[in-house]
Every structure is written in C-alpha cells, then in structure tokens.
Protein chains: 2
Amino acid sequence: MCIDLCCEEKCIHEDIVHKVEHDLPNDETLYDLAELFKVFGDSTRIKILYALFEAEMCVCDIAELLNLTQSAISHQLRVLKSAKLVKARRAGKTVFYSLSDEHVRLIINQGMEHILE
Amino acid sequence: MCIDLCCEEKCIHEDIVHKVEHDLPNDETLYDLAELFKVFGDSTRIKILYALFEAEMCVCDIAELLNLTQSAISHQLRVLKSAKLVKARRAGKTVFYSLSDEHVRLIINQGMEHILE
DNA sequence: TAAATATATGAACAATTATTCATATGAAAG
DNA sequence: CTTTCATATGAATAATTGTTCATATATTTA
C-alpha cells in the first residue's frame, strides 16, 4: 500500500512517511545540528582542535604552531567556544584553551574514518 | 623545560610541539575532513539524511516530504553523493537514493549527543 | 600611572554557497 | 518519433563566512 507523494508512479509507503515525520527532529534542533557541523567544516578550526588534542594551549602558541595570525586564531577560537567545543582558562595575560569534552575527538575520528575509507 | 614560541613567558613544552607536528594529519587530509563536515553543515542536507535513515527514497518524494523544490533537493543530493554519504540507484525514470554506509548515522548521532547535552 | 604584552573585536573584502528559475537530459509509454 | 515525467544542471542572486588590518580591552610590571 503506497501513497502518491508527487510522481505518477507510487514510490513511498505511507508508513515510511509517518516514520520520517515522527523521527525527524524539529527544525530548531536540525538547524543547531547543522550549525555544529559547520564549525567542524573549516580546516583552520580542525587544525586548532587537533592541536588541542595534545594539550591545552594559549592563543599565541596555537598561532605560531599553525603558522597563522593571532587574530585569525582568536576569531576561530571564539567560534569553537560558542559551539562549546573548547573552553578557556585565564592565567594572567595568557588564556589557555582546551577541548571541552570527548565528543570533539569522537566526531573528528568518525569523520576521519569516513574519508580514509 | 619549555620553549618560547611567541610570548615573553614560556607557555608550551617542546615535546608537545613535536607531538602536534607528528600527529597533525597533512594539509590535504585536514582539508578533506573539513570538506566532509561542511557537507553535514546544512540543515537541508541533514534533513535529507534523516529521511534516508528510514528508507531509500526518490528525489521527488524527498522534495515533497521536506517541502522543498525538486531542484534544491537534486543539487543537495549531488553534494551528498560526491561526499559519498549517499548512493543512487536508477529504476526507470526514478532515481532512488540511500545512505551509503553507517558512518553517516554515527556522525550525526555524535553531533546530536553534543547539542543535546 | 605608563608601558608592554596577550587576547579580543569591529569593519571591510574576497570567496564560498544555497536556492531559484529556466532548461537540458534520460527513460518510458503511446 | 513524440510526449510525458523524473531528474540533473547552468546561471544568477542573496547570504554567509574566513581572513586581514587596525584598534580596543585586560593584565602585569616598571
């Protein structure tokens, strides 16, 4: 038993339609999810995260290590921080950044597995 | 024992620098990884993937189900396909799309866990 | 308080991208 | 062969985004 969604021929089963409508998270959640992945979708930010895999670091060290300007790194750390992927700790003039949790590593590793296939 | 990368004060240990330099994937890999996440970084594509979690579907069904134009869906399926996240199967006039592997589900679930925290 | 240093931020610019519209391709049916 | 239908695609547009430059903020030290 199928329903006609759009085509001449019947393609999709009605219970599939209901299942999708039931399981599809609401628009706001989907938007947030896309926003999260957008944060991973820049190689500068990926590099920063890889650096932080090893240890917490201050802004200027990351900049030096990755050969990028302090400003660029600072802007990107702001993006990473507002996505709660990194957290900051101030020590005098210096601000140390570190991964906020292990999700970051898991997500990146899953992605890496996919591209290395 | 620290080295002075950029600041007056010594921040980062020399062995950390070596570790990062050793573990950091090459630029091309990092770029590919960012490109992969960029694909997940759009809510239309996320919706398409969620729909395909349930069953394979043809273009016009996805369009109808998600209330988007056939053209928009087709363009996005092309992006998903070139990232090897979905695969296509032709049956007459109709083209059915489905997830190409389980990585997709894993990556999305990891992301979802992060934002629901 | 003034100078020095680490970081943050606003504006501007170039580059990328998602959607729409119009149209092309490809397959089936008459 | 022509029509019809499903899908793909190219061009155009609007919107988003990463970097740079200049400058602001915050902290320490002289």
Side-chain angles (χ1 to χ4, degrees), chain A residues 2 4-12 27 30-31 34-49 56-83 86-98, chain B residues 2 4-12 27 30-31 34-49 56-83 86-98:
Chain A
C2 298
D4 187 356
L5 266 178
C6 61
C7 331
E8 286 286 304
E9 297 162 50
K10 322 294 187 187
C11 299
I12 197 174
D27 270 4
L30 292 169
Y31 182 81
E35 286 303 302
L36 174 67
F37 286 121
K38 225 174 265 181
V39 174
F40 286 97
D42 174 82
S43 58
T44 298
R45 289 191 291 263
I46 294 272
K47 281 181 196 173
I48 294 174
L49 294 173
E56 68 168 14
M57 288 185 200
C58 65
V59 180
C60 65
D61 281 349
I62 299 172
E64 181 84 10
L65 200 54
L66 302 181
N67 229 340
L68 293 161
T69 67
Q70 176 270 322
S71 180
I73 297 295
S74 189
H75 278 295
Q76 297 302 1
L77 282 168
R78 189 169 180 273
V79 175
L80 290 166
K81 196 181 167 196
S82 65
V86 304
K87 54 182 196 285
R89 167 178 82 80
R90 174 148 233 151
K93 283 177 288 189
T94 308
V95 178
F96 289 97
Y97 283 87
S98 58
Chain B
C2 298
D4 186 357
L5 267 178
C6 62
C7 331
E8 286 286 305
E9 296 163 51
K10 321 295 187 185
C11 298
I12 198 174
D27 270 4
L30 292 169
Y31 182 82
E35 286 304 301
L36 174 67
F37 285 121
K38 225 175 265 183
V39 175
F40 287 98
D42 175 83
S43 58
T44 298
R45 288 192 291 264
I46 293 273
K47 281 182 196 174
I48 294 174
L49 294 173
E56 67 168 15
M57 288 185 198
C58 67
V59 180
C60 65
D61 281 349
I62 299 173
E64 182 84 9
L65 200 54
L66 303 181
N67 229 340
L68 294 160
T69 67
Q70 177 270 322
S71 180
I73 296 294
S74 189
H75 277 295
Q76 297 301 1
L77 282 168
R78 190 170 179 273
V79 175
L80 289 166
K81 197 180 166 197
S82 65
V86 305
K87 53 183 195 285
R89 168 178 82 81
R90 173 148 235 150
K93 283 178 289 191
T94 308
V95 178
F96 289 97
Y97 284 86
S98 58

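Chain identifiers are assigned alphabetically (A, B, ...) following the order of the sequence lines, protein sequences preceding nucleic acid strands; residue numbering begins at 1 within each chain.
Overall, the helix from C:dT1-D:dA30 to C:dG30-D:dC1 carries an axis bend of 10° between its ends, with five pairs at each end and the value rounded to 10°.
Against DNA chain C, the stretch residues 35-47 of chain B makes heavy-atom approaches under 4.0 Å through B:K38, B:D42, B:T44, B:R45.
Taking atom CD1 on A:I62 and atom C1' on D:dT19, their separation rounds to 17 Å, with Å as the unit. Going from atom CG of A:L77 over to atom P of C:dA8 covers 7 Å, rounded to whole Å. The separation between A:L80 atom CG and D:dG18 atom P is 10 Å, rounded to whole Å. Atoms CZ (A:F96) and P (C:dA8) sit 12 Å apart, rounded to a whole Å. B:Q76 has its CD atom 8 Å from the C1' atom of C:dT19, to the nearest Å. For A:Y31 and D:dA15, the OH to P distance is 14 Å, given to the nearest whole Å. Between the CE atom of A:M57 and the P atom of C:dA6 there is a distance of 17 Å, given to the nearest Å.
Taking every heavy atom of both residues into account, A:A34 and B:S43 meet most closely at CB-N, 3.5 Å. Heavy atoms only, all atoms of each residue included: B:A88 and B:V95 are closest at CB-CG1, 3.8 Å. Across every non-hydrogen atom of B:D42 and B:Q76, the tightest pair is OD2-NE2, 4.2 Å. In terms of heavy atoms, A:T94 sits closest to A:C58 at CG2-CB, 3.2 Å.
If you find the closest nucleotide of DNA chain D to A:L68 and to B:V95, the one lying nearer the 5' end belongs to B:V95.
One distance of note links OH of B:Y97 with NZ of B:K87; it measures 13.0 Å at 0.5 Å rounding.
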Q: Give the B/S/- string for nucleotides 21-27 of chain D, one per nucleotide from 5' to 3', where a protein heavy atom under 4.0 Å of the base yields B, of only the sugar-phosphate yields S, and otherwise -.
A: BB----B
Q) Which is it for A:I62 and A:K47 under the side-chain contact (heavy atoms from CB on, under 4.5 Å) test, yes or no, and what are the steps along the way? A) CA-CA 9 Å; A:I62 299 172; A:K47 281 181 196 173; over 6 Å; no
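Contact check, A:R78 against C:dA8: no side-chain N or O comes under 4.0 Å of OP1 or OP2.
Heavy atoms of other residues, nucleotides or ligands lying less than 6.0 angstrom from CZ of A:R89 number more than 12.
Ring geometry for B:F37 against A:F40 counts as tilted: the plane angle lies between 30° and 60°, on a 0 to 90° scale.
Of the candidates C:dT19, C:dT7, D:dT7, the closest approach to any side-chain atom of A:Y97 belongs to C:dT7.
Under the side-chain contact (heavy atoms from CB on, under 4.5 Å) rule, A:I48 has a single partner from A:L68, A:V86, A:L66, which is A:L66.
A:R45 places a side-chain N or O within 3.5 Å of a backbone atom of A:K38 that can act as its donor or acceptor partner.
Put simply, the side chain of A:K81 does not reach to within 4.5 Å of the side chain of A:R78, judged on heavy atoms.
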